[in-house]
Structures are given as structure tokens and as C-alpha cells.
Amino acid sequence: MEDLKNELRELIISTLEMEDVSPDDIEDDTILFGDGLGLDSIDALELGMALRKTYGIRINGKTNEVRQNFATISSLAEFVAAHRQAPE
Amino acid sequence: MSQSTTFHIRNWCAWAPGVDTPDAWREWCAGDRDIADSGTPRVDFLPANFRRRLSRVSKMALAVAFRCLEEAGTDPAAVRSVFASRYGDVATTLGLLHDIVAGEPLSPTRFSLSVHNASSGLFTIAAKNHHPSTAVSGRRDTFMYGILEAAGMLRHTASPPVLVVMTDEPLPEMYAAFRDGDEVAYAIALLLCDAEPGMPVSLDHRSGTQSTNVAGEPECQALSFVRWLLSDKSGLTLSGQSLDWSWQRPRTDNGH
């Protein structure tokens, strides 16, 4: 799980071109959206696309608890571990 | 038929790779300095989470926009604005088209900022500016149509002043057949107002001789205009796609 969390830190930084942020800046429980890391709805879409490309996960806004799953690195790692498939 | 309008240029500033100060532009005018092939202006004054999404063209636009207003002592929230670009963010658009062809999903960020008024939207968000803002494109005359749009806004209502921002970068290799003399990246911002302070200018346009000669086209209008601003000439005529544009100013003022 730690490896996956670090992978997700790198994925967020590279996908969202956060050149001023290092993986160490994102704690397991840093709030990703809003006040914490400061991500917004466009970032959520961008991140959803990256999860699809990297882990074969399709985000369904109606059935997945997107807000909860995308809250922190910890929740995102649990979500990815439970739903990952071979990349498309 | 001739249409004349008058206004004041309160301040202007220009950026190109390797040419980003008034002295550097003077050297460029004298032929002692060339515009480089690559380079992006720093926009560290913008918040990191805002800055990271900007394409090069948007960084160029916001860099000159904010610098021009800061030098003039004008609140960025207190201007109307016109963003002119012949090609806009064509590199981003082409990248999206490649993704479609490859069957890849489109980046929401790049898609949302690929529209022609992206820089206009980004500027007004960054400046918390609620005044009218528009984006124009007009073939070889794009720069002058941007100025004309601003002059029209000033004629309609004298205040607040109007910021004109013109940016372009060379077309990607895939569109090389459409290149038309605009082979360098550059951005220029001008703050126009209807009264002092500023350099008074008058602008005239009339039907010109339609230019059909693509090879050997003259320099783009915005860069010819910068040459004129830094010269001691009182008049300038820019030949466009189908109009001739004539500028006049008092002989003594060199614009800076």
C-alpha cells in the first residue's frame, strides 16, 4: 500500500503539473481538494482520466463515492487497490 | 473612404524570447539582437495552483498584461481588455486533435484552456476583473483589429481604460504550409485611454491593395508597431490583408 501511495503522489504531481510540489509535501491525510493541496473540479476530471489510463479504473460519478474516494492519498490508494485492472 | 479615431497610449510593454526589456527591444530594432527560438516568461506573481495550468501563450499574455498595468500604476481589476491572437493556443489544439486521432481521452484542463478567449478568462480571473473582456482574431490584421476593438470601446464609453494584449507563436510544423511571415513568438500589451496621460495617437484605416503575395510577406504588424514606437518617426503605415492602417503621433515623443 505504501508503494501505491507513493505512485499516486507522483501521478498527481505529474498529471496536474504541480512543479512546485514534491511528493513529501503530500501527507497520507492531506486534503487533496479545496483547502489542502488546493485541487479543484477540473483537477478531479484530469485525475480521473489519469486513473483510467494508469489503472484501468473508470470513475462513475453516479455510483462511486467520488468525493470520499478522492479525499486523501490514503482513501485514493484504498479505492485504487480495490478497483484496479489491467490498463486499457 | 477613411475612418479616423484618436486615443492615448498610456503605457506599453513587449516580450519575446530573449527580448524582454525596453533596452533589449531597442537593440532588436537596431539589428543587434534577435528573437530567440524558445523561452517562456516567468509568471511567479501568479498563485502556483493557477500558474501550473497555463500554456506558453497564456503565460506570455498574462506576463505582458500585468507588467504593462503595474508600470502604469493601474489596478488590473480596473480595465477593460481585448486579447488579440491570430492563432491562439494552436499548439494545445493540435495536441488535442492528435489525442482524438489516437483514441486517447482528452485532457479536461487542456481542453478547457484551448478556446480563443482562454487568456481573456485567465486574466480576468487572476486580476479579479469584472469589466468587459473580449478576444479577437483577424488574419494578418489581428493586431490592428484588436486596437480597433479597443478604440471602439473607448469611443463608446471613455472609462475605464482598455488593455490590448496581442500574442502569437509560430505555427507548429504540421501547419507549416500556412505560415505567413509570423515566425517568432511575441507578446505586446498596450494600455489605451481617451485622455492624458499618455502619448496621443490618431489611427486611420482605408481600403488597401489586397495582398496576395504569401512568400516574402512583411513582418507582422505588432512587431512593426514596436519598431515605430521606439523610433522618432511621426507616422506609420501598416498594410494588412485588405486595409491600410495609418498611425500618426507628435514627432517628439518616443513612446517611453
Side-chain angles (χ1 to χ4, degrees), chain A residues 8-27 30-62 64 66-67 69-73 76 79-80 83-88, chain B residues 17 38-63 66 88-128 169:
Chain A
L8 289 168
R9 288 185 174 93
E10 300 283 354
L11 185 74
I12 287 172
I13 289 170
S14 64
T15 302
L16 305 180
E17 298 183 51
M18 309 187 80
E19 55 191 36
D20 306 302
V21 176
S22 86
D24 294 340
D25 296 335
I26 313 176
E27 308 271 350
T30 299
I31 302 296
L32 300 179
F33 290 82
D35 287 342
L37 199 58
L39 306 186
D40 65 16
S41 58
I42 295 267
D43 293 319
L45 292 170
E46 199 75 44
L47 202 52
M49 196 181 95
L51 294 179
R52 178 173 152 189
K53 272 190 185 172
T54 313
Y55 302 109
I57 298 175
R58 280 177 182 274
I59 310 293
N60 184 330
K62 283 182 185 144
N64 296 138
V66 179
R67 188 177 291 269
N69 294 330
F70 278 40
T72 63
I73 285 289
L76 196 56
F79 172 71
V80 170
H83 294 87
R84 69 189 297 173
Q85 294 164 16
E88 289 178 10
Chain B
S38 63
T40 305
R42 299 195 68 83
V43 285
D44 295 347
F45 56 90
L46 297 169
N49 263 341
F50 184 86
R51 198 167 64 219
R52 65 188 161 91
R53 288 188 180 149
L54 306 185
S55 68
R56 182 191 190 213
V57 160
S58 290
K59 284 180 180 165
M60 287 161 49
L62 268 60
F66 279 94
D89 207 339
V90 66
T92 295
T93 313
L94 184 61
L96 291 167
L97 291 174
H98 278 304
D99 287 343
I100 291 173
V101 170
E104 297 281 338
L106 296 183
S107 157
T109 309
R110 288 195 290 131
F111 179 74
S112 70
L113 294 177
S114 66
V115 292
H116 200 70
N117 61 343
S119 292
S120 159
L122 290 164
F123 169 76
T124 52
I125 291 168
K128 299 186 168 58
E169 50 180 4

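Chain A is the first sequence line, chain B the second, and so forth, proteins listed ahead of strands; every chain is numbered from 1.
- For A:Met18, the parts sitting under 4.5 Å from any heavy atom of chain B are the backbone and the side chain alike.
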Full working for side chain to side chain contact (heavy atoms under 4.5 Å, CB included) between A:Leu32 and A:Asp43: CA-CA 10 Å; A:Leu32 300 179; A:Asp43 293 319; over 6 Å; no
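- Identified by a heavy-atom distance below 4.5 Å to chain A, the contributing residues of residues 42-58 of chain B are B:Ala48, B:Asn49, B:Arg51, B:Arg52, B:Arg53, in residue-number order.
- Summarising the geometry of A:Val80 relative to A:Leu51, their closest heavy-atom pair is CG2-CD2, 4.0 Å, with the distance given to 0.1 Å.
- Partners of B:Asp99 under the salt bridge (Lys or Arg N to Asp or Glu O under 4.0 Å) rule, at least two apart in sequence or in another chain, are B:Arg110.
- With A:Leu37 as the fixed residue, the side chain to side chain contact (heavy atoms under 4.5 Å, CB included) test singles out one of A:Ile31, A:Asp25, A:Ile26: A:Ile26.
- In this structure, the portion of B:Ser112 lying under 4.5 Å from any heavy atom of chain A is its side chain and not its backbone.
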Chi angles and distances behind the side chain to side chain contact (heavy atoms under 4.5 Å, CB included) call for A:Leu11, A:Tyr55: CA-CA 11 Å; A:Leu11 185 74; A:Tyr55 302 109; 4.2 Å; yes
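- Using a 4.5 Å cut-off between heavy atoms, A:Leu16 touches chain B through backbone and side chain atoms alike.
- Here the side chains of B:Asp89 and B:Leu113 are not in contact, with every heavy-atom distance at 4.5 Å or above.
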Test log, rule side chain to side chain contact (heavy atoms under 4.5 Å, CB included), inputs A:Phe70 and A:Leu39: CA-CA 10 Å; A:Phe70 278 40; A:Leu39 306 186; over 6 Å; no
